[in-house]
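One structure below.
Reminder, nothing fancy here: chain letters follow the sequence lines and each chain counts from 1.
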Amino acid sequence: MSARVQSAPFDLTAELAGFGTGAGAVVTFTGLVRDDTGTMAAMEIEHYPGMTERALSDFGQAAAGRFGLIDWRIVHRFGRIAVGQPIMMVATAARHRRAAFEGADYLMDWLKSRAPFWKREIGLDGRTAWVEAVLRDEDALRRW
Amino acid sequence: MTIEVLYFAALRERVGHPRETISSDALTPRDLVAELAARSEGHRAAFADLAALRCAVDQQLVDLDAPLGAAREVAFFPPMTGG
């Protein structure tokens, strides 16, 4: 049960070592830097040190209570991350798969619109553009 | 009351710096925004669209009309784009 914010890459295999002991189901989600236009070099992620860790930890505890998770882990990177590289991961462990899937889905929805991260695309030409929040991410929260 | 005001992402760029210490008697973030917007052209631009403004008081996400109370740190930023 932990949340971390770091600039360094993470190793999914290492993150899952000893994770969710006693669980019947583990779900992991990994978010990658996606380039829809073929003109992107990297994503730069800014965050609010202090608040970010607190928010992620709050989301994890809320998900654990709501879905009866045995274990959960959130790792989110900041700084410059190249196209194709992992940005973040969520892992949930529960007795049964539905709780593990729903816990991961819930965490992702909260993380996208309520954790203090801001993404900026860096183009191959060096130009930058902030990623705009999308309404469907906000709407997704109403499911829970 | 002395408040540490923080800006992130596009707001930080418009204001021109990441933080400033101000003295204010604002009762809510919305009151504080009105005071801050008058500080410079950059501040005015940063606070032009209140619908796209998010706020955290002492690192908790709050509504613009929430009471500031004895807040020490107030952050303003655009809608978040994590994940």
Side-chain angles (χ1 to χ4, degrees), chain A residues 3-5 29-34 43-59 62 74-78 81 86-90 104-121 128-141, chain B residues 2-22 28-30 32-33 36 41-83:
Chain A
R4 272 189 356 256
V5 186
F29 171 87
T30 306
L32 310 175
V33 177
R34 185 185 70 235
M43 192 77 92
E44 190 162 87
I45 298 172
E46 179 174 336
H47 80 112
Y48 182 171
M51 180 177 166
T52 315
E53 292 83 349
R54 178 187 295 195
L56 297 183
S57 186
D58 287 351
F59 301 158
I74 305 168
V75 181
H76 202 302
R77 297 176 64 192
F78 63 90
I81 306 172
I87 299 176
M88 54 81 58
M89 62 151 284
V90 154
D105 204 13
Y106 171 94
L107 281 177
M108 285 311 304
D109 280 345
W110 277 90
L111 225 145
K112 281 203 94 76
S113 322
R114 291 290 184 274
F117 289 103
W118 300 275
K119 291 196 188 101
R120 176 156 58 176
E121 294 177 356
T128 63
W130 292 104
V131 173
E132 298 277 331
V134 289
L135 197 58
R136 69 166 182 278
D137 285 341
E138 189 63 33
D139 286 346
L141 282 181
Chain B
T2 302
I3 302 176
E4 190 75 6
V5 182
L6 276 60
Y7 305 103
F8 290 97
L11 260 84
R12 172 176 50 72
E13 291 182 331
R14 291 194 189 119
V15 168
H17 43 257
R19 60 170 62 217
E20 56 194 337
T21 306
I22 66 152
T28 65
R30 195 182 295 278
L32 188 57
V33 164
L36 292 168
E41 193 54 33
H43 284 79
R44 195 193 57 73
F47 292 114
D49 181 6
L50 293 188
L53 182 67
R54 300 292 180 270
C55 173
V57 170
D58 288 332
Q59 304 192 350
Q60 293 285 350
L61 209 55
V62 297
D63 191 89
L64 285 182
D65 295 311
L68 277 178
R72 307 178 67 96
E73 184 175 293
V74 179
F76 292 104
F77 39 81
M80 294 149 278
T81 52

Only counting residues at least two apart or in another chain, list the ones meeting side chain to side chain donor-acceptor pair (under 3.5 Å) with Arg54(A).
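None.
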Which salt bridge (charged side-chain N to carboxylate O under 4.0 Å, His left out) pairs, counting each pair once, include a residue from residues 50-70 of chain B, with sequence neighbours left out?
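Applying salt bridge (charged side-chain N to carboxylate O under 4.0 Å, His left out) to every pair that reaches into residues 50-70 of chain B, excluding sequence neighbours, yields Arg30(B)-Asp65(B).
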Which residues share a salt bridge (Lys or Arg N to Asp or Glu O under 4.0 Å) with Glu13(B), sequence neighbours left out
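Here the qualifying residues are Arg120(A).
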Is it the case that over 12 heavy atoms from other parts of the model lie below 6.0 angstrom from the CD atom of Glu138(A)?
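Yes, CD of Glu138(A) has more than 12 neighbouring heavy atoms, counting only those of other groups under 6.0 Å.
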Please classify the contact of Leu111(A) with chain B as side chain, backbone, both or neither, using a heavy-atom distance under 4.5 Å.
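Its backbone and side chain both get close to chain B.
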Any non-hydrogen side-chain atom of His76(A) less than 4.5 Å from a side-chain atom of Thr52(A)?
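Result no, sub-4.5 Å side-chain heavy-atom pair not found.
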Would you name the heavy atoms of Asp109(A) and Leu141(A) that are closest together and state the gap between them?
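Answer, listing the atom of Asp109(A) first, then Leu141(A): O-CD2, 3.5 Å.
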Can you give me the closest heavy-atom contact between Pro29(B) and Val62(B), atom names plus distance?
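Heavy atoms only, the tightest pair is CG-CG2, 4.4 Å.
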Heavy-atom pair count under 4.5 Å with chain B, highest-scoring of Met88(A), Lys119(A), Met108(A)
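Option with the greatest count: Lys119(A).
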Looking only at heavy atoms, which of residues 70-82 of chain B get nearer than 4.5 Å to chain A?
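Near chain A, by residue number: Glu73(B), Ala75(B), Phe77(B), Pro78(B), Pro79(B), Met80(B), Thr81(B), Gly82(B).
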